Amino acid sequence: MQRFRTFSERTGKPDEEADASAGNARKRTGMLSRALPVRNPMAGMPGLALRFAVVGGGGVLVNTVVLFVLYHWVGLPLLAASAIAVELAVVHNYLLNDRWTFAVGTPSLRRFIKFNVSVLGGLGVNVLIVWSLVRGGTHLMLANCLGIAAAFAVNFASSTGWVWGRRSR
C-alpha cells in the first residue's frame with residue numbers, strides 16, 4: 001500500500017519528515033520528475049513562433065482599434081486608415097519582439113528599419129486583402145483580421161530569417 005506524500009516530497013524539496021520517513025539517502029524528487037522530462041514550451045522554433053504570435057496578437061488589437069477609430073471616427077479613407085493602423089502595430093510589434101521574442105538587449109535603428117522593410121510585404125498583403133474584401137461586401141473588422149492572418153507567415157519568415165537572424169546580430 002502506498003502512503004500519501006508530503007508537500008515537500010511532491011515538490012522535490014526535502015524536509016525533516018520526508019528525510020526521516022525515507023529511510024535512505026536517495027533524494028525524493030516527486031512523481032512528475034520521474035515521468036517524461038518536462039520540456040520548456042517556449043524553447044526552439046515552436047516557442048519562437050508562439051511568442052511571435054502572442055506579440056502579433058497585441059499588434060492585432062492595436063491595429064484593429066486604430067483602424068476603427070481612424071476610419072469610423074476620424075473619417076479617413078479606408079486605405080489610409082488601414083496603412084496607418086498597420087504601421088502603428090508594426091512599431092508595437094518591433095519593440096516587443098526585440099525585447100521578448102528574440103531577447104535582444106536594446107532596440108536598434110538598423111533592426112527597426114529592417115523590420116519595417118520586412119513587413120512591407122505583409123503590409124501590402126494586408127491592405128490588399130482588407131480593401132478587396134470590404135469592396136466585396138465583407139465586414140471591415142473581419143476583412144482586417146483575415147488580412148492580418150495572411151500577412152503573419154510573411155512577417156514571421158522574414159523576421160526570423162533576416163531581421164533577427166544569426167547574421168543580423
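Computed from a predicted structure; not experimentally measured.
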Item to check | Nearest atoms (heavy-atom pairs only) where Thr106 meets Arg111 | outcome: O-NH2, 2.7 Å
Item to check | Closest heavy-atom pair and its distance - Gly59, Asn93 | outcome: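 The answer is CA-OD1, 3.3 Å.
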Heavy-atom distance under 4.5 Å between the side chains of [X] and [Y], does that happen here?
| X | Y | answer |
| --- | --- | --- |
| Val117 | Lys114 | no |
| Leu140 | Tyr71 | yes |
| Tyr94 | Val119 | no |
| Leu48 | Thr160 | yes |

Less than 3.5 Å apart, which donor and acceptor atoms pair up between the side chains of residues 148-159 and the rest of the protein, not counting sequence neighbours?
residue	atom	partner	partner atom	Å
Asn155	ND2	Ala151	O	3.3
Ser158	OG	Val154	O	3.0
Ser158	OG	Asn155	O	3.2
Ser159	OG	Asn155	O	2.8

Checklist entry - Pick from Asn97, Leu95, Leu50: which one makes a side chain to side chain contact (heavy atoms under 4.5 Å, CB included) with Val55? => result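 That would be Asn97.
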Item to check | From CG (Asn126) to SG (Cys145), nearest 0.5 Å | outcome: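 So the CG of Asn126 and the SG of Cys145 are separated by 10.0 Å.
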Item to check | Pairwise distance NE2(His139) to CG(Leu146) - rounded to 0.5 angstrom | outcome: 12.5 Å
Checklist entry - Under a 4.5 Å side-chain heavy-atom rule over Ile, Leu, Val, Met, Phe, Trp and Tyr, are Met141 and Ile129 clustered together? => result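 No; Ile129 is not reachable from Met141 via cluster members.
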Item to check | Cluster overlap Trp131 with Leu120, hydrophobic side-chain contacts below 4.5 Å | outcome: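 In one cluster: yes.
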Show every donor-acceptor pair shorter than 3.5 Å between a side-chain atom in residues 79-88 and any protein atom, with sequence neighbours excluded, or say none if there are none.
none

Next on the checklist: Working note: Asp98 + Phe115, criterion side-chain contact (heavy atoms from CB on, under 4.5 Å); need CA distance, chi angles, decisive distance, verdict.
Outcome noted: CA-CA 10 Å; Asp98 202 54; Phe115 186 68; over 6 Å; no
Side-chain polar contacts of residues 61-69 - donor-acceptor pairs under 3.5 angstrom, sequence neighbours left out - could you list them?
residue	atom	partner	partner atom	Å
Asn63	OD1	Asn144	ND2	3.3
Thr64	OG1	Val60	O	2.7
Thr64	OG1	Asn144	ND2	3.3

Checklist entry - Taking the side chain from Asn116 and the backbone from Phe112, do they hold a donor-acceptor pair closer than 3.5 Å? => result yes
Checklist entry - How are the rings of Phe102 and Phe52 set relative to one another: parallel (under 30°), tilted (30 to 60°) or perpendicular (over 60°)? => result perpendicular
